[in-house]
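One structure below.
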Amino acid sequence: MHTEKQIAFDQIKERWACLAVTEWAKEKIRCVEICLDEAVLRRQLKDTSNSRQMMQRFGAPPLQSLTQMQEILGVAKKGGCLMPGQLEQVETVLAMVRRFKDYLKRGKEGGNPLAYYEENLDAAQSLRDEIGRQIRNGGVDDHATKELARIRSQIAVCEEQMKQKAEQAIHARRGCMADYYCTSRNGRICIPVKKECKGKVPGTVIDKSASGNTLFIEPAAVAGYYEKMQLLKMDEENEASRILYVLTAMVADAAGMLEENAAVIEKLDFIFSKGKLSMDLQATEPAINTEKKIVLKDARHPLMDPEQNVPLQFAAGTDTRGIVITGPNTGGKTVALKTVMLNCMMAQCGLHVTCKEADICMCSSYLCDIGDGQDIAQNLSTFSAHMKNVLEVLEEVDENSLVVLDELGSGTDPAEGMGIAVAVLDELRKSGALFLVTTHYPQVKEYAAKTPGVVNARMAFDKKTLRPTYQMQIGEAGESCAFYIAQRLGMPQKMLEAAAYAAYGEGTRAGGQVPGERIFAAPFGGIEEGKEQNGTRLKSNAARPTRRLIKEKAKKGKRKQTEAFRRGDSVMVYPDKKIGIVCEPANERGVLQVQMPGKKIWINHKRVKLHVAAEKLYPADYDFSILFEAVAVRKARHEMERKYTSQVLRHDAQPE
């Protein structure tokens with residue numbers, strides 16, 4: 001069962017986990033389950049109350065993450081060497097332990113039981129002081145030991161002497177210098193020497209410039225000091241390593257105490273996170289019982305805005321084992337189901353609940369079927385998904401379970417769905433479990449009214465304002481109010497009358513509440529057609545403006561793109577965007593001839609766009625041979641028309 005996800009308890013867990021500091025506490029929160037031991041659960045709830053009380057008085061506890069401590073202690077116990085940064089982490093944690101002990105000590109003044117965890121914490125002041133004295137700024141401090149101070153002092157003197165010798169070499173050979181400064185290359189003090197003066201400066205070439213014109217030479221006078229420097233650095237490294245090993249051994253000796261500190265801090269972090277969530281949700285400590293009784297006063301859904309949430313009043317148990325909830329869509333039935341189950345689960349996980357007062361029974365399991373449940377991947381319809389979940393519920397249910405089923409029997413034929421709903425309710429009643437069910441079936445309401453231990457409840461609906469009140473009224477059956485809601489959303493009066501007639505027959509109001517009256521003799525709530533109600537204006541079909549499709553009119557004088565180009569058309573030739581005139585229309589392959597400046601070209605019609613039609617440029621009887629043929633060609637044609645001639649026509653001749 002995916003109960004936590006269906007009722008959004010997984011979202012409560014994530015919100016809760018964000019209030020914890022240590023990774024251990026965060027992981028425990030994500031894996032938390034309901035407590036089945038009454039004595040343990042009462043202690044958990046008391047811890048939540050005590051942590052909230054302490055934070056309200058002294059503020060949030062000074063806790064921090066312990067992510068690296070396990071790794072650090074593992075290295076120390078195996079005989080490794082901790083780095084300065086790791087030792088600083090140990091010091092930081094010990095400083096936090098010191099502050100946390102002081103925080104808890106203040107709680108002893110009010111007798112808060114959590115305050116006495118202070119006695120299980122050890123700040124290890126001597127270890128913290130030793131680390132703080134010898135490790136600073138991510139390294140071993142110069143004054144960690146007298147020997148290290150002496151070595152580092154000698155190193156400083158040696159470095160200064162090397163610089164002095166290098167500067168003397170620069171002054172002695174100024175003419176050979178590419179620049180007048182000393183620099184460090186590969187850890188050695190060097191001077192910049194011109195390439196051509198290499199033999200004039202005694203020393204060792206260490207590096208050269210990118211151009212190769214400058215050589216970086218370590219002067220011979222400096223070389224002796226470099227060897228002394230290397231020996232001093234080896235002594236420094238050995239002394240620093242010795243200090244780190246000594247501090248690591250101290251950490252290893254205190255590993256047991258540090259691990260116990262971590263365990264106490266993680267446990268208290270988990271407890272204080274519950275108090276933080278209680279303050280965040282403005283929650284209260286619930287009473288716990290094992291008598292199958294649930295009483296919630298002014299209950300709120302934990303994830304909803306308290307300012308907008310309508311408080312829920314709920315009671316079940318003693319003589320009532322099952323509640324069948326009816327009422328309008330959007331009336332708050334599903335939210336009511338989730339509110340009840342969420343508060344019960346939170347209480348059984350040791351959390352405070354979002355109620356003014358609450359008395360909640362312990363349950364062996366929480367089972368539910370809420371939501372659509374369609375799954376295309378598994379080929380599940382709404383009804384199939386519901387039935388799959390319901391059958392799983394019936395397999396797992398026992399007398400101490402709390403079962404919540406939303407829209408039982410929906411998603412199929414109403415008559416068959418109603419039969420299934422009654423059968424499931426009867427099985428749940430026989431199991432002895434507490435159950436809450438929502439439905440729209442009138443037969444299920446009748447079953448609840450006639451069956452001992454099962455009662456009806458309704459989510460109230462104000463027919464005057466046509467809005468739900470989100471109040472549960474136990475002991476009364478509700479109506480779906482579909483016609484009221486449809487009218488509020490703007491369904492026309494004639495459609496409402498037709499719907500009522502189809503549902504209940506003639507002579508009965510919708511829902512069958514007032515037999516003998518004409519269907520919808522007056523609109524519900526006194527609303528008249530055309531008047532505004534809750535921001536919605538209802539309109540009759542006659543008053544509604546007709547909506548027609550408007551087709552685009554063809555523009556006169558504009559040729560369709562699909563129409564063939566004509567001789568004499570001025571066209572734009574792409575991609576050069578040059579103007580030409582059509583000589584020959586397109587052939588069967590869509591290729592036409594265009595007269596361009598100084599030449600004729602054949603081109604596909606898709607690369608040509610009409611610029612100006614021929615009929616707008618030339619008279620109807622215009623002789624286009626004037627444009628497209630040379631004078632000699634025209635004369636030859638004229639002669640051939642008059643008499644025989646030996647001249648040959650050349651159609652490729654360009655006009656003058």
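These values consider heavy atoms only, across backbone and side chains, with no hydrogens, waters or symmetry-generated copies.
With a 6.0 Å radius and a threshold of 12 heavy atoms from other residues, nucleotides or ligands, Q70 has its CD atom at or below the threshold. Other residues, nucleotides and ligands contribute over 12 non-hydrogen atoms within 6.0 Å of the NZ atom of K108. Around atom CD of E71, no more than 12 heavy atoms belonging to other residues, nucleotides or ligands sit under 6.0 Å away. The number of heavy atoms from other shown groups lying within 6.0 Å of CG (D319) does not exceed 12. Summarising the local packing, NZ of K297 is surrounded by 12 or fewer heavy atoms from other residues, nucleotides or ligands at distances under 6.0 Å.
Of the inter-residue distances, the one linking K13 atom NZ with C31 atom SG reads 7.0 Å to the nearest 0.5 angstrom. Within the model, atoms CZ of R43 and CG of D37 stand 7.0 Å from one another, a figure rounded to the nearest 0.5 Å. Note that CG of L434 and CG of L428 are 11.0 Å apart. Values are rounded to the nearest 0.5 Å. The CG atom of L391 sits 4.5 Å away from the CE atom of M387 when rounded to the nearest 0.5 Å. Within the model, atoms CD of E357 and CG of L296 stand 11.0 Å from one another, a figure rounded to the nearest 0.5 Å. Between the OG1 atom of T354 and the CG atom of D280 there is a distance of 12.0 Å, given to the nearest 0.5 Å.
With Y103 contributing its side chain and G59 its backbone, the two residues share a donor-acceptor pair below 3.5 Å. Not one N or O on the side chain of Q473 forms a donor-acceptor pair closer than 3.5 Å with the backbone of A457. No side-chain donor-acceptor contact under 3.5 Å links S401 to the backbone of A433. Panel note: side chain R52, backbone S278; a donor-acceptor pair is recorded below 3.5 Å. Within the 3.5 Å criterion, the main-chain N or O of N389 finds no donor-acceptor partner in the side chain of D369. Side-chain N or O atoms of N400 include none that pairs as donor or acceptor with a backbone N or O of S364 at under 3.5 Å. Under a 3.5 Å cut-off, the side chain of T320 and the backbone N or O of A316 do not form any donor-acceptor pair. At least one donor-acceptor pair closer than 3.5 Å links the side chain of Q6 to the backbone N or O of I370. For Q68 (side chain) and Q86 (main-chain N/O), no donor-acceptor pair under 3.5 Å exists by modelled atom type. At distances below 3.5 Å, at least one donor-acceptor pair connects side-chain atoms of N456 with backbone N or O atoms of K445.
Counting heavy atoms from C-beta outward, M362 and I288 have side chains that approach closer than 4.5 Å. For the pair M304/V335, a side-chain contact is recorded, criterion being any heavy-atom separation below 4.5 Å from C-beta on. At least one side-chain heavy atom of C349 sits less than 4.5 Å from a side-chain heavy atom of I34. When side chains are defined from C-beta on, L351 counts as touching W16, because their heavy atoms get closer than 4.5 Å. Residues F435 and V397 are not in side-chain contact: their nearest non-hydrogen atoms beyond the backbone lie 4.5 Å or more apart. Taking the side chain as every heavy atom from C-beta outward, F314 and T339 never approach each other to under 4.5 Å. Residues Q44 and C35 have side chains in contact (heavy-atom distance under 4.5 Å, counting atoms from C-beta outward). At a threshold of 4.5 Å between non-hydrogen side-chain atoms, the residues T48 and E285 do not count as touching.
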Going through the checks in order, is the side chain to side chain contact (heavy atoms under 4.5 Å, CB included) test met by I29 and K274? CA-CA 10 Å; I29 290 168; K274 295 192 295 180; over 6 Å; no
Does Q64 form a side chain to side chain contact (heavy atoms under 4.5 Å, CB included) with V93? I'd like the steps, not just the answer. CA-CA 8 Å; Q64 70 179 51; V93 170; 3.9 Å; yes
Please walk me through it: do M346 and F9 pass side chain to side chain contact (heavy atoms under 4.5 Å, CB included)? CA-CA 8 Å; M346 289 171 64; F9 188 56; 3.7 Å; yes
I'd like to know whether M96 forms a side chain to side chain contact (heavy atoms under 4.5 Å, CB included) with L66, so could you lay out the CA-CA distance, the side-chain angles of the two residues, the decisive distance to 0.1 Å, and finally the verdict. CA-CA 11 Å; M96 180 267 291; L66 303 174; 3.9 Å; yes
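Considering every non-hydrogen atom in both Y441 and A421, the closest pair reads CD1-CB, 4.4 Å. For the pair P286 and L45, the tightest heavy-atom approach, listed with the atom from each and the gap, is CD-CD2, 4.0 Å. Here the closest non-hydrogen pair linking L408 and T439 is O-OG1, 4.2 Å. The two residues R57 and G110 come nearest to each other via the heavy atoms NH1-CA, 3.7 Å. Pairing each heavy atom of T438 with each of E407, the nearest pair is OG1-N, 2.7 Å. Minimum interatomic distance between C368 and M341 (heavy atoms only, all atoms of both residues): CB-SD, 4.0 Å.
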